[in-house]
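Quick notes on the structure that follows.
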Amino acid sequence: MEPGLLFIPGPVPLPPQVRDELAKPAMPHYGDAWVKAHAETREMLRYAWSAPDAHVFPIAGPGHAALEAIGYTFLRPGDRIVIVSNGFFGDRTHEVLLTHRVKADLVSSAWGSAPDLAALRTALKTPAKAVVVVHNETSTGVTNSLDPIVEAAHAADAFVIVDAVSSLGGLPLPFAKLGIDAGFSASQKCIAAPAGIAPVAVSRSLWESTDPKSVEGWYLNLYTWDRYEREWGDWHPTPTTISSNLFYAFHRALKLLREEGLEARFARHAKVAARLRAGLAELGFTPVGPPAILSNTVGCFTPPPGVDSARLVRRLKDEHDIYISGGLGPLRGKTIRVGTMGTQADPESIDWLLKAVRASV
């Protein structure tokens, strides 16, 4: 056990090999070693996204920077988009994209339920440029099925943007097979790297359908990143300085992901999430969502009668040095949230957490 073990829905504890990269002396953000690591990172991102032909970028910034980059690059003021929401981060996506001066219609369903596909199809009877959906809703611990959403969007000639912040590298996400047009994630979740890198993937069809001259802005313009890769790629393939320690740590985390293999990694996450659900069920906790859509990377649970969720969160921190999260929005004060992402998806650590919960309820 490490002190301050994180079972929050990200960031997650870093593997020793990744921590080692952070402890090394700072290196240049250009030159032969950097170019090699950058090229390897892009290939490993294509592997992680299951998108061999996609344009991929390791944007320096949080996951929301990647959302904004996709928004600036492929949406225009006045465009109508449809946002599918069944939780806090679906609503947050609506808030963010409204600032891009688009016409953003929200298709909402109850927190913890599946997306309302009938309402989505109705919304798409009016032309829309894009449909945006959170793949894995960390506020409720449910995973949204992408297949019917992509199918409905493409049938209406809308492209699909997927928030994969808490699913990339932990849940099956066949970007190319599903026909996703753009996706974004964050380094500190299932990839188990430090926060600060936001992976972006864009399909070739969406990329080629957009006029680069129509994009406003510079840093969060993905065509800027592409231009530097093409024109400066032999020595400086990113438009600005990225922390070398952060980037090499991200590169190392992706190597660990590749070495484990996606299928083995998905299986590990599924096994540990099931272990957590079973252990908490024995203590009277119930998941917020129905069994068919429960997430394998973050769980959201209602405590049994008589157990105060906020008090439980405090006791685990104060008495066991274990961090979990409380609920968000209407679930605040009513639920707990537990991450099972990356290094958190470890049976021994989950057993330690369950022992601590048992002693604290």
Side-chain angles (χ1 to χ4, degrees), residues 54-55 57 59 61-109 111 113-137 139 144-168 173 175 178-186 198-217 220-223:
H55 290 267
F57 305 97
I59 302 294
H64 280 83
L67 170 59
E68 297 245 62
I70 292 171
Y72 282 121
T73 306
F74 301 110
L75 300 175
R76 301 291 176 268
D79 283 344
R80 179 176 182 265
I81 65 172
V82 176
I83 297 171
V84 178
S85 178
N86 55 349
F88 179 89
F89 288 99
D91 291 349
R92 168 70 66 82
T93 300
H94 183 243
E95 177 186 342
V96 170
L97 292 181
L98 278 176
T99 67
H100 289 247
R101 294 180 291 145
V102 297
K103 298 175 182 177
D105 290 341
L106 201 58
V107 172
S108 297
S109 55
W111 284 34
S113 68
D116 189 337
L117 295 176
L120 173 61
R121 295 187 184 100
T122 297
L124 289 173
K125 290 180 180 179
T126 302
K129 186 169 185 180
V131 172
V132 190
V133 61
V134 176
H135 183 206
N136 192 73
E137 181 55 76
S139 65
N144 294 324
S145 176
L146 296 176
D147 303 61
I149 294 172
V150 174
E151 181 181 1
H154 286 176
D157 293 324
F159 69 82
V160 179
I161 301 171
V162 173
D163 173 335
V165 166
S166 60
S167 61
L168 182 67
L173 183 60
F175 184 100
L178 287 176
I180 296 168
D181 298 288
F184 66 95
S185 190
V200 175
V202 181
S203 70
R204 289 196 175 271
S205 59
L206 177 59
W207 187 264
E208 293 168 1
S209 71
T210 304
D211 180 2
K213 295 179 182 177
S214 69
V215 184
E216 296 182 357
L220 294 181
N221 177 348
L222 294 176
Y223 290 100

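Hydrogens, waters and symmetry mates are skipped; everything else that's a heavy atom, side chains included, is used.
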Does the [X] side chain pair with the main chain of [Y], one donor and one acceptor, at a distance under 3.5 Å?
X: Asn86; Y: Ser113; answer: yes
X: Thr210; Y: Leu206; answer: yes
X: Tyr223; Y: Trp207; answer: yes
X: Asn144; Y: Val134; answer: yes
X: Ser109; Y: Ala114; answer: yes
X: Ser85; Y: Gly87; answer: yes
X: Arg101; Y: Leu97; answer: no
X: His135; Y: Leu146; answer: no
X: Lys129; Y: Arg76; answer: no

I want to check something: taking the side chain as every heavy atom from C-beta on, are [X] and [Y] in contact at a cut-off of under 4.5 Å?
X: Pro115; Y: Ile149; result: yes
X: Phe89; Y: Val96; result: no
X: Leu67; Y: Asp163; result: no
X: Glu95; Y: Asp91; result: no
X: Phe184; Y: Ile59; result: no
X: Leu75; Y: His100; result: no

Which atom pair, heavy atoms only, marks the closest approach of [X] to [Y]?
X: Pro199; Y: Ala186; result: CD-N, 3.8 Å
X: Ala104; Y: Leu98; result: CB-CD2, 3.8 Å
X: Val82; Y: Ala128; result: CG2-CB, 4.0 Å
X: Ser108; Y: Asp116; result: O-CB, 4.3 Å
X: Pro62; Y: Ala198; result: O-CB, 3.3 Å
X: Val215; Y: Thr73; result: CG2-O, 3.5 Å

| query | In this structure, which one of Ile81, Ile161, Val107, Leu124 forms a side-chain contact (heavy atoms from CB on, under 4.5 Å) with Val131? | reply |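 The single option meeting the side-chain contact (heavy atoms from CB on, under 4.5 Å) with Val131 is Leu124.
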| said: Taking NZ in Lys103 as the centre, count heavy atoms belonging to other residues, nucleotides or ligands within less than 6.0 Å. Is the count above 12? | reply: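 Counting other residues, nucleotides and ligands, NZ of Lys103 stays at 12 neighbours or fewer.
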| field | Heavy-atom neighbours of Arg204 CZ exceed 12 at 6.0 Å | value |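 More than 12 within 6.0 Å, yes.
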| Distance in Å, Phe159 CZ paired with Ser209 OG, rounded so as to fall on 0.5 Å steps |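 These two atoms lie 7.5 Å from each other.
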| query | How far does CD of Glu68 sit from CG of Leu220, to the nearest 0.5 angstrom? | reply |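 It is 6.5 Å, given to the nearest 0.5 Å.
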| request: Mind running side-chain contact (heavy atoms from CB on, under 4.5 Å) on Phe74 and Leu222 for me, showing each step along the way? | output: CA-CA 9 Å; Phe74 301 110; Leu222 294 176; 3.8 Å; yes
| message | Restricting to side-chain hydrogen bond (donor to acceptor under 3.5 Å, both in side chains), what partner residues turn up for Ser139, sequence neighbours left out? | response |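 Scan of Ser139 (side-chain hydrogen bond (donor to acceptor under 3.5 Å, both in side chains), adjacent residues dropped) gives Glu137.
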| message | Whether the Arg80 and Thr126 side chains hold a donor-acceptor pair (N or O, under 3.5 Å, no angle test) is what I'd like checked. | response |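 The answer is no; no qualifying pair exists.
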| message | I'd like to know if the side chain of Asp181 pairs up with that of His154 as donor and acceptor (distance under 3.5 Å, no hydrogens or angles considered). | response |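 The criterion, which ignores hydrogens and geometry beyond distance, is satisfied for His154 and Asp181.
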